[in-house]
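Scroll down for the structure; my scribbles are underneath it.
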Amino acid sequence: MSIVNEIKKLVAITLKELYGFEVAEKDLTINSTKPEFEGDYTLVMFSFVKQLKKSPEQLGNEIGEALVRTNPEIFTAHNTIKGFLNLTVADTYWLKFLNTNYSSPKFGSSPANGQKVMVEYSSPNTNKPIHLGHLRNNFLGWSVAQILKESGYETIKTCIVNDRGIHICKSMIAWQLFANGATPQSTNTKGDHFVGDYYVKFNDEYKKQVEELVAGGMTKEQAEKEAPIMKGTQQMLLDWEEGKPDVIDLWKKMNGWVYEGFDVTYKRIGSDFAKMYYESETYIPGKKFVEEGLKTGVFFKKEDGSVWIDLTEEGLDEKLVLRKDGTSVYITQDLGLAQEKYEDFKYDQSIYVIADEQNYHMKVLKLILQKAGKPYADGIYHLSYGMVELPSGRMKSREGTVVDADDMIDEMVNVAKNKTEELGKVKDFTEEELIELYDTIALGALKFFLLRVDPKKRMIFNPEESIDFHGFTGPFVQYTHARIKSILRKQTPENGLDISSTLLKLEKDLIILLEQYPTIIEQAVTEHNPSVIAIYVFNIAKSFNSFYTEHSVMNAESEEKKQLRLQLAQMTANVIASGMSLLGIKVPERM
RNA sequence: GGUCCCGUAGUUCAAUGGAUAGAAUAGAAGUUUCCUAAACUUUAGAUGCAGGUUCGAUUCCUGCCGGGACUACCA
């Protein structure tokens with residue numbers, strides 16, 4: 001049990017014994033004591049001070065005294081200021097905690113709890129290479145899944161590939177028109193970039209044609225419909241749906257190129273999936289879903305043949321689920337996919353990592369599934385995250401303002417390389433070791449940067465300022481780990497040693513933080529929020545660095561102090577490595 | 001128009017309704033015969049505006065101002 005919960009329990013008992021006052025432990029507030037006061041943890045008493053009809057000071061003194069008297073192995077001192085009861089936890093308590101946990105790399109993780117959670121993330125478009133916004137999605141999804149896994153959940157990572165539709169046809173038609181049979185191989189281009197380039201070419205050509213038509217006297221709206229390249233694209237979509245062999249072949253070929261490119265990037269950033277779903281397949285069960293819903297009266301048909309659901313009672317609109325020509329729309333596919341996913345895995349919870357621009361869509365999706373009486377509907381959770389923006393505003397593929405993921409990683413590797421060479425601390429590394437180190441640092445910086453912010457909030461990426469390896473960054477934490485490892489290579493703590501020592505402030509600060517790790521993971525789970533881990537792990541590193549500068553481990557004042565500090569160092573390294581692994585970040589032995 | 005989200009140091013981010021609003025970075029000033037200075041220490045600097053609820057509000061409520069998203073028979 002965490003010390004905070006322990007304190008809550010003891011306070012509840014004390015209140016009952018002293019005053020016959022019953023309070024639920026969860027209603028008690030225990031905070032870290034502010035540094036300017038004496039104590040480690042603080043009980044905030046305002047909530048019940050009135051009901052007990054005593055002055056806050058008197059109440060604090062009575063509770064504090066009782067706590068110290070009945071639990072001398074936990075509390076050594078107390079003081080009350082206004083409605084705050086500050087409690088000092090015994091050094092022996094902290095030492096015991098350290099002694100029993102310092103060598104356990106599993107500290108913080110929980111045993112299996114029998115719950116199955118699906119995490120759908122990444123979900124790319126096959127006509128766009130991965131950019132910085134997608135990276136946030138990938139890192140978030142992977143990390144949330146990892147956090148859940150370490151907390152005892154069985155996790156299933158999945159991905160829905162957006163592989164069909166009018167936008168894919170745009171790339172296809174542009175390739176037919178302009179490529180002259182070029183391939184990624186013939187042009188030495190990464191497959192996803194190759195296809196993405198034709199998507200851009202389509203838009204350029206489309207724009208040109210629209211302008212020409214407008215110049216010829218057509219209205220803009222007309223021109224946008226009449227442009228030959230757009231007409232060709234629409235025809236191609238119809239051909240695709242009819243299964244015309246040459247269109248299907250081209251589609252398969254181009255998507256194949258994209259997947260080859262994606263594989264490279266996924267491997268590099270560490271994204272992996274238990275199962276990939278493809279929209280070109282889920283739209284069929286989607287239609288089936290709608291048919292069934294029509295029978296049960298969840299949906300209704302309008303005169304023109306289109307199918308709708310009425311969500312006005314829920315404060316939303318009527319929503320189309322099938323076009324009048326019987327083809328499926330976006331949400332149709334999602335309905336089919338939800339059904340498929342559940343049939344495949346029978347999950348308890350299903351997390352969708354999708355940007356917040358789709359809040360409405362996800363609300364509708366869950367609502368429809370609930371109205372359809374699906375057993376899995378309530379377990380759906382939309383992990384909605386904010387967009388990554390540039391100082392100039394939102395990234396837009398068509399305007400060429402996206403920060404490409406592959407370029408971004410290359411640049412980070414480059415910075416890591418230059419910085420490492422400049423510092424010259426790993427001159428004895430082999431070429432392979434260096435490459436691995438640059439990769440570790442570069443991806444560590446990038447992942448940490450994107451995960452350290454609350455997912456819900458949108459964030460700004462400034463290319464000039466955001467690539468930093470100092471301060472609140474991944475490399476800062478990695479560096480702390482490397483420094484600790486350097487000590488531990490000299491000596492490791494002796495097992496089973498019973499240390500009794502008076503803790504210095506910087507030693508105790510660090511132990512107190514270490515003890516909070518399991519609570520932090522719990523918080524990250526309930527909030528679906530990896531930034532909690534990032535902030536925590538940074539605080540640990542900062543706390544260790546302060547301690548490290550002030551007190552020597554190898555030349556400690558006594559052998560006992562040395563053992564204590566070795567334990568501290570080892571546990572800090574473990575927790576850093578563990579916390580960073582929850583973010584998908586590696587930590588180097590040396591850097 | 002309707003629905004929803006967001007406004008915190010120059011900048012990027014924190015703060016289950018609790019004590020004097022924390023970090024990082026940029027700025028100023030320091031620290032290396034001693035375990036990795038990608039580090040540490042000191043310093044200055046912020047809750048958009050106006051009300052309300054509360055013992056107590058960055059947090060909850062209302063209005064205003066500013067920014068964004070959604071509101072497609074696009075995905």
Side-chain angles (χ1 to χ4, degrees), chain A residues 26 29-31 33-34 36-37 42 44-47 49-50 56 81-84 86 123 125 127 162 164-168 279 302 304-308 315-317 320-325 327-331 333-334 355-361 363 384 386-387 389 391 393-394 416 419-420 422-423 425-426 441 445 449 452-454 456-462 465-466 468-473 475-480 482-491 523 526-527 531-532 534-535 538-539 541-542 544-556 565 569 590-591:
Chain A
K26 65 173 174 56
T29 306
I30 306 291
N31 292 338
T33 303
K34 298 256 170 196
E36 55 268 38
F37 302 102
T42 297
V44 182
M45 300 182 292
F46 294 103
S47 55
V49 81
K50 226 183 227 171
I81 295 161
K82 291 192 273 182
F84 301 95
N86 301 319
S123 305
N125 232 310
N127 59 352
N162 219 313
R164 50 146 252 144
I166 190 96
H167 54 296
I168 310 297
E279 247 173 44
K302 288 199 175 171
D304 64 1
S306 56
V307 181
W308 297 73
L316 305 176
D317 304 322
L320 177 96
V321 291
L322 208 60
R323 292 193 190 99
K324 67 182 170 206
D325 63 5
T327 57
S328 65
V329 290
Y330 183 36
I331 196 130
Q333 302 168 139
D334 270 337
D356 62 6
E357 61 183 354
Q358 295 195 36
N359 284 352
Y360 180 73
H361 175 78
K363 200 169 164 185
S384 165
M387 300 281 196
E389 292 179 10
R394 223 175 136 173
K419 192 75 197 165
T420 304
E422 198 180 296
L423 291 168
K425 293 183 185 180
V426 287
I441 296 172
F449 179 80
R452 66 180 201 178
V453 179
D454 185 338
K456 287 193 291 293
K457 305 215 171 152
R458 50 166 201 262
M459 60 186 295
I460 294 177
F461 175 80
N462 186 331
E465 293 170 14
S466 299
D468 195 351
F469 291 177
H470 302 274
F472 187 15
T473 67
F476 173 93
V477 180
Q478 290 172 324
Y479 175 66
T480 307
R483 273 172 133 190
I484 297 174
K485 283 301 174 131
S486 167
I487 299 171
L488 294 172
R489 273 192 295 276
K490 294 186 172 70
Q491 191 174 346
Q523 192 193 340
T526 54
E527 292 178 10
S531 78
V532 171
I535 292 166
F538 170 65
N539 283 330
K542 211 156 44 113
F544 182 85
N545 283 334
S546 298
F547 155 77
Y548 176 92
T549 310
E550 195 65 28
H551 306 295
S552 176
V553 177
M554 296 308 289
N555 296 313
R565 289 177 189 167
R590 292 176 56 193
M591 70 183 272

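It should be emphasised that the depicted structure is a prediction, and the values quoted were computed from it without experimental measurement. To find a chain, count down the sequence lines: A is the first, B the second, and so on, and within it residues start at 1.
- With P as the reference atom, B/rU11 and B/rU43 are 23 Å apart, rounded to whole Å.
- The nucleotide whose nearest atom lies closest to any side-chain atom of A/E357 is, among B/rG18, B/rC73, B/rC70, B/rC70.
- Annotation: B/rA50 and B/rU59 have their P atoms spaced 13 Å apart (nearest Å).
- Taking every side-chain heavy atom of A/Q358 into account, B/rA75 is the closest of B/rA19, B/rA75, B/rC40.
- Distance check on atom C1': B/rC65 versus B/rG18 gives 30 Å, rounded to whole Å.
- Distance check on atom C1': B/rA24 versus B/rG45 gives 14 Å, rounded to whole Å.
- Rounding to whole angstrom units, CE of residue A/M591 and C1' of B/rA37 are separated by 13 Å.
- Side-chain N or O atoms of A/N127 include one that pairs as donor or acceptor with a backbone N or O of A/H167 at under 3.5 Å.
- Here the separation of B/rG27 from B/rU20, taken at their P atoms, is 32 Å to the nearest Å.
- Pairing for B/rA39 is with B/rU31, a Watson-Crick or G-U wobble pair whose two hydrogen-bonding atom distances lie under 3.5 Å.
- Taking atom P on both B/rG48 and B/rC13, the two are 16 Å apart, rounded to the nearest angstrom.
- Under the 4.5 Å side-chain criterion, counting only non-hydrogen atoms from C-beta, A/K485 is not in contact with A/R590.
- Rounded to a whole angstrom, the distance from the C1' atom of B/rA19 to that of B/rG56 is 10 Å.
- Both A/L320 and A/E389 sit near RNA chain B, but only A/E389 has its closest nucleotide nearer the 5' end.
- Under a cutoff of 6.0 Å and an axis angle of 45°, A/R452 and A/F538 do not form a cation-pi pair.
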